[in-house]
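Structure first, then comments.
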Amino acid sequence: MPAPRLRQTPLPGIGVRYDLTTREQNRLSVIAHRDGARTLSAYRSDDPDACALSLRLTAGESDSLIDALMPAHHSPNLLHTTDLGLVAERIELSPTSYWNGRLLGETRMRTETGASIVAVLRRAEAIPSPAPDFRLAGGDTLIVIGTREGVEAAADILGRE
């Protein structure tokens, strides 16, 4: 089964058009407008140049559609988003990370970002609720929960080389 084909075309002054041809040769396109809106179009199977449906979605409607199609919001690391504005994300420490071999408490994660490291995945093992004296290692995947801004700040701190 061939992989779906996605083609990207810049539209100067408008945004970017993404064209998808499915394995069943159905054609869809999404125009990502610069203002955050999206236009979703589906084409007739008997005439691939004839548009059968075209919907203009606001940025909020696009976000809702993304939730329905892919709860990860385009981020393979994102685990969950709630109406409370909290997210949980996987953040991997590189082997050359500044934090490799250092104690979790030294990151001052909760103090600096408001985000919490709720688990560490190391090889095939999960360490829930690691204490401040837990020693980090390159290759660890940290599960971080907080606001979007807090988790992004945590990723910046943990990405330090």
Side-chain angles (χ1 to χ4, degrees), residues 1-94 97-99 104 107-121 126 128-130 139-161:
M1 162 172 49
R5 295 186 311 264
L6 183 66
R7 190 175 68 231
Q8 179 177 324
T9 306
L11 302 174
I14 297 170
V16 178
R17 177 179 168 150
Y18 299 92
D19 292 297
L20 172 70
T21 303
T22 69
R23 68 173 184 221
E24 295 172 347
Q25 300 305 305
N26 293 313
R27 288 191 46 237
L28 300 169
S29 72
V30 174
I31 297 175
H33 298 270
R34 292 177 16 187
D35 66 358
R38 301 290 187 263
T39 300
L40 174 64
S41 300
Y43 297 88
R44 292 182 20 193
S45 57
D46 63 332
D47 183 357
D49 293 325
C51 187
L53 172 71
S54 185
L55 301 170
R56 182 154 171 115
L57 305 172
T58 66
E61 292 165 340
S62 297
D63 287 343
S64 294
L65 182 58
I66 289 168
D67 276 336
L69 294 173
M70 188 175 79
H73 278 290
H74 291 272
S75 172
N77 291 331
L78 193 61
L79 299 176
H80 187 49
T81 303
T82 70
D83 291 334
L84 299 174
L86 298 176
V87 297
E89 191 166 334
R90 298 171 188 251
I91 301 173
E92 186 172 341
L93 286 182
S94 78
S97 172
Y98 170 82
W99 302 107
L104 177 61
T107 67
R108 297 180 37 86
M109 190 60 58
R110 194 171 310 136
T111 302
E112 298 295 325
T113 69
S116 298
I117 298 170
V118 298
V120 175
L121 308 177
S129 303
D140 283 352
T141 299
L142 286 68
I143 307 299
V144 181
I145 293 181
T147 63
R148 166 54 48 210
E149 296 79 17
V151 170
E152 287 174 3
D156 288 342
I157 290 170
L158 294 169
R160 184 175 168 194
E161 296 283 325

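On a predicted model such as this, the values are computed, not experimentally measured, just so you know.
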**Asked** Val87 and Val151: which non-hydrogen atoms are nearest, and at how many Å?
**Response** CG2-CG2, 3.6 Å
**Item:** For Thr58 against Glu61, the heavy-atom pair lying closest together
**Value:** N-OE1, 2.7 Å
Gap separating the [atom1] atom of [X] from the [atom2] atom of [Y], nearest 0.5 angstrom:
X	Y	atom1	atom2	result
Leu142	Ile117	CG	CD1	4.5 Å
Leu65	Arg38	CG	CZ	10.5 Å
Arg148	Leu86	CZ	CG	11.0 Å
Thr9	Tyr18	OG1	OH	10.0 Å
Ser29	Leu20	OG	CG	9.5 Å
Ile31	Asp19	CD1	CG	8.5 Å

**Request:** Taking the side chain as every heavy atom from C-beta outward, state whether Leu104 and Val120 have any pair of such atoms under 4.5 Å apart.
**Result:** no
**Request:** Side-chain contact test, heavy atoms from C-beta onward, threshold under 4.5 Å: evaluate it for Leu121 versus Arg90 and give yes or no.
**Result:** yes
**Request:** For Thr113, enumerate each residue passing the side chain to side chain donor-acceptor pair (under 3.5 Å) test, keeping only those at least two apart in sequence or located in another chain.
**Result:** none
**Asked** Considering residues at least two apart in sequence or located in another chain, which fulfil the side chain to side chain donor-acceptor pair (under 3.5 Å) criterion with Ser62?
**Response** none
**Distance-only donor-acceptor check, side chains Ser116 and Arg110, under 3.5 Å** = yes
Report, one line per pair, each donor and acceptor closer than 3.5 Å where one atom sits in a side chain of residues 153-161; sequence neighbours left out.
residue, atom, partner, partner atom, Å
Glu161, OE1, Thr96, OG1, 2.3
Glu161, OE2, Ser94, OG, 2.9

**Item:** Under 3.5 Å donor-acceptor, Arg27 side chain and Gln25 backbone
**Value:** no
**Message:** Between Thr107 (side chain only) and Met109 (backbone N and O only), is there a donor and an acceptor less than 3.5 Å apart?
**Reply:** yes
